[in-house]
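Please read these numbers as outputs of a predicted model, since none were measured by experiment. Chain naming here is simple, since letters A, B, ... match the order of the sequence lines and numbering starts at 1 in each.
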Amino acid sequence: MIESLSVEWKVFVNVYIENGKVFKVEFSKNPVEEKFVSTTAKMLKKDLEKYFSGRRVDFRKYDVDLRVSSFVKSVLEIVKNIPYGKVVTYGYLARILKTSPRAIGIALKLNPVPVIIPCHRVVAKDGLGGFSAGVWIKRELLKLEGATFLSQQL
DNA sequence: GACGACTTGTTAT
DNA sequence: ATAACAAGTCGTC
C-alpha cells in the first residue's frame, strides 16, 4: 500500500512511500493529499520539517526503492552517503566510477528521490550545475545546509 | 568569458 | 542498431 505526505517549503515537497520504502519525491506547486499511517512515514515527515527548518538531518536511515538502471543505482548509492552540508563535483564521481561527468549528470537527473538522496550536493567544477526541478531549488537547498565553498555563487 | 571537442548513459528513431 | 541529446569538463582564443 502506498502512502503519501507533503511538506511545505519554498514549494511543496511531496513524498510517496510503498512498503516502508520511499520511491518518489517531487517538488510541486501543489501539495499531495496526505495518506500515511506507518511509523516510517511519520518519522520522515518530522525529519523533513526539521530539515527544511534548517536543522541537520541524516536521511541515510530511510530505505529507498530505486526503480532505475544499475548504472544510475551505482551513482545514487554513492551520492546517498555525501554528508549534510558537503559538496562534491560531477567529475569527482566520474573518476570513482570510471565514467564521464556527463554520464553522472544524466544519472542524477534520473534520481527519483531528491533530498532523501541528496543529488543537490553534486555540483559542477566551476558553478552549480543543473537541477531538473529548477536550479534555484538546488541553490536554496545548499543555502539551507550552509554548504561552504560555494558561498560566492550562492 | 566564449567556443569547440570529447565524453558516455539514456532516449528516441 | 544507430543517432541525437544532456544536471560536464578540458584546452584554446
What pairs with A/Lys45 under side-chain hydrogen bond (donor to acceptor under 3.5 Å, both in side chains), at least two apart in sequence or on another chain? A/Glu34
Round to a whole Å and report the spacing from CG of A/Asp126 to C1' of B/dA2. 13 Å
Report the stems of DNA chain C as range-with-range entries sorted by first number; a stem here is at least three consecutive pairs, Watson-Crick or G-U wobble, both distances under 3.5 Å, and write none if there are none. B:1-6 with C:8-13, B:8-13 with C:1-6
Taking side-chain hydrogen bond (donor to acceptor under 3.5 Å, both in side chains) as the definition, give me every residue that meets it alongside A/Ser6, ordered by chain and number, with sequence neighbours left out. A/Asn14
Outermost DNA chain C nucleotides near chain A [under 4.0 Å, heavy atoms]: C/dA6 to C/dC10
Going by the rule side chain to side chain contact (heavy atoms under 4.5 Å, CB included), which residues pair with A/Leu97 if we only count those two or more places apart in sequence or in a different chain? A/Ser74, A/Val75, A/Ile78, A/Thr99, A/Ile104
Please name all residues satisfying side-chain hydrogen bond (donor to acceptor under 3.5 Å, both in side chains) with A/Lys61, sequence neighbours left out, ordered by chain then number. A/Asp47
Under the salt bridge (Lys or Arg N to Asp or Glu O under 4.0 Å) definition, can you give me all pairs with a residue in residues 2-20 of chain A, not counting sequence neighbours? A/Lys10-A/Glu140, A/Glu18-A/Arg67
Taking ILVMFWY side chains as joined if any heavy atoms are under 4.5 angstrom apart, and letting links pass through other members, which residues group with A/Met1? A/Val37
Residues at least two apart in sequence or cross-chain that pass ring pair (Phe, Tyr, Trp, His ring centres under 6.0 Å) with A/Phe59, listed by chain then number, are A/Tyr51
Under 4.0 angstrom, heavy atoms only, what part of the nucleic acid is A/Thr99 near: base, sugar-phosphate, or nothing? sugar-phosphate
Distances under 3.5 Å between nitrogen or oxygen atoms of protein and nucleotides 10-12 of chain B:
residue	atom	partner	partner atom	Å
B/dT10	OP1	A/Ser69	OG	2.3

Give me each pair satisfying ring pair (Phe, Tyr, Trp, His ring centres under 6.0 Å) with a member in residues 6-28 of chain A, each pair once, sequence neighbours excluded. A/Trp9-A/Phe52
What integer distance in Å separates A/Arg102:CZ from B/dG4:C1'? 13 Å
Name each donor-acceptor pair under 3.5 Å that joins a side chain in residues 127-135 of chain A to protein atoms two or more places apart or in another chain, with its distance.
none

Between OH of A/Tyr84 and CZ of A/Arg60, what distance do you get to the nearest 0.5 Å? 13.5 Å
